[in-house]
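Let me begin by presenting the structure, written as structure tokens, before commenting on it.
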Amino acid sequence: MRILAAGDEAMETGEQAGLFEPMAITAYVILGLTVLFVVVFVLKNLFTNTSSLKNTLIGVGSFAAVLIIAYVISGGDTMAYKNGDTMATEGQSHLVGAGLIAFYILLGVAAISMAFTGVKKVIGK
């Protein structure tokens with residue numbers, strides 16, 4: 001509340017600069033605790049329920065396979081792409097191409113999955 005009460009001008013000029021830092025640290029601590037609790041409870045649930053662990057590993061393996069296939073398919077472009085003031089390297093171009101190909105593969109899988117589910121619902125009725 002003290003940050004809002006001080007106003008934008010006081011924050012921009014630095015008069016109330018000491019107010020922002022403790023709030024940012026508090027936000028980072030809360031974010032860190034939240035992420036920690038989520039990771040702990042997800043891992044606890046995975047190892048107590050072995051069927052979900054199997055399904056999770058299948059999903060992670062499939063995603064890794066898509067990424068590997070996309071990386072193998074993509075080629076490093078010999079053209080130089082400007083990235084701000086620096087030029088993109090062939091390796092960076094290769095990774096960007098792999099990311100795009102992986103996106104297209106996953107988009108296709110999602111579209112086919114949605115179409116299959118829709119057709120299955122129509123036929124089932």
Side-chain angles (χ1 to χ4, degrees):
M1 288 305 278
R2 288 180 51 198
I3 291 175
L4 293 175
D8 291 339
E9 287 183 29
M11 295 304 289
E12 289 174 4
T13 58
E15 294 172 19
Q16 301 292 327
L19 290 175
F20 181 72
E21 194 169 316
M23 294 295 212
I25 291 171
T26 303
Y28 288 135
V29 167
I30 291 171
L31 176 66
L33 288 172
T34 304
V35 169
L36 178 71
F37 282 125
V38 167
V39 168
V40 165
F41 284 111
V42 164
L43 290 176
K44 178 184 169 280
N45 186 31
L46 279 176
F47 289 117
T48 57
N49 188 356
T50 56
S51 66
S52 69
L53 177 63
K54 177 183 164 190
N55 291 337
T56 301
L57 290 176
I58 289 172
V60 170
S62 301
F63 186 68
V66 166
L67 293 179
I68 291 169
I69 290 169
Y71 187 78
V72 169
I73 291 174
S74 72
D77 195 358
T78 57
M79 287 181 57
Y81 293 102
K82 191 168 183 178
N83 181 12
D85 291 335
T86 60
M87 301 301 274
T89 65
E90 185 177 344
Q92 291 169 336
S93 175
H94 195 75
L95 286 175
V96 169
L100 287 171
I101 291 172
F103 172 75
Y104 296 142
I105 291 171
L106 294 172
L107 180 69
V109 168
I112 290 169
S113 165
M114 288 179 3
F116 178 73
T117 303
V119 168
K120 189 175 173 184
K121 277 187 178 181
V122 169
I123 292 174
K125 288 184 179 182

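Summarising the hydrophobic clusters (Ile, Leu, Val, Met, Phe, Trp, Tyr; side-chain heavy atoms under 4.5 Å, direct or chained), the residues clustered with Val119 are Ile123. If you chain together ILVMFWY residues whose side-chain heavy atoms come under 4.5 Å of each other, Ile58 ends up in a group of its own. With side-chain heavy atoms closer than 4.5 Å counting as contact, directly or through intermediates, the hydrophobic cluster containing Tyr104 also holds Val96, Leu100, Phe103, Leu107.
With sequence neighbours excluded, the residues forming a side-chain contact (heavy atoms from CB on, under 4.5 Å) with Leu57 are Leu53, listed by chain and number. Partners of Ile73 by side-chain contact (heavy atoms from CB on, under 4.5 Å), not counting sequence neighbours, listed by chain and number: Ile69, Ile101.
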Which pairs would a plain distance check flag for residues 32-47, meaning a side-chain donor or acceptor within less than 3.5 Å of a matching protein atom at least two apart in sequence or in another chain?
unit_1: Thr34; atom_1: OG1; unit_2: Ile30; atom_2: O; d: 2.8

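Residue Ala70 comes nearest to Ala98 through the heavy atom pair CB-O, 3.4 Å, listed as atom of the first residue, atom of the second, then distance.
Under the 4.5 Å side-chain criterion, counting only non-hydrogen atoms from C-beta, Ser51 is in contact with Asn49.
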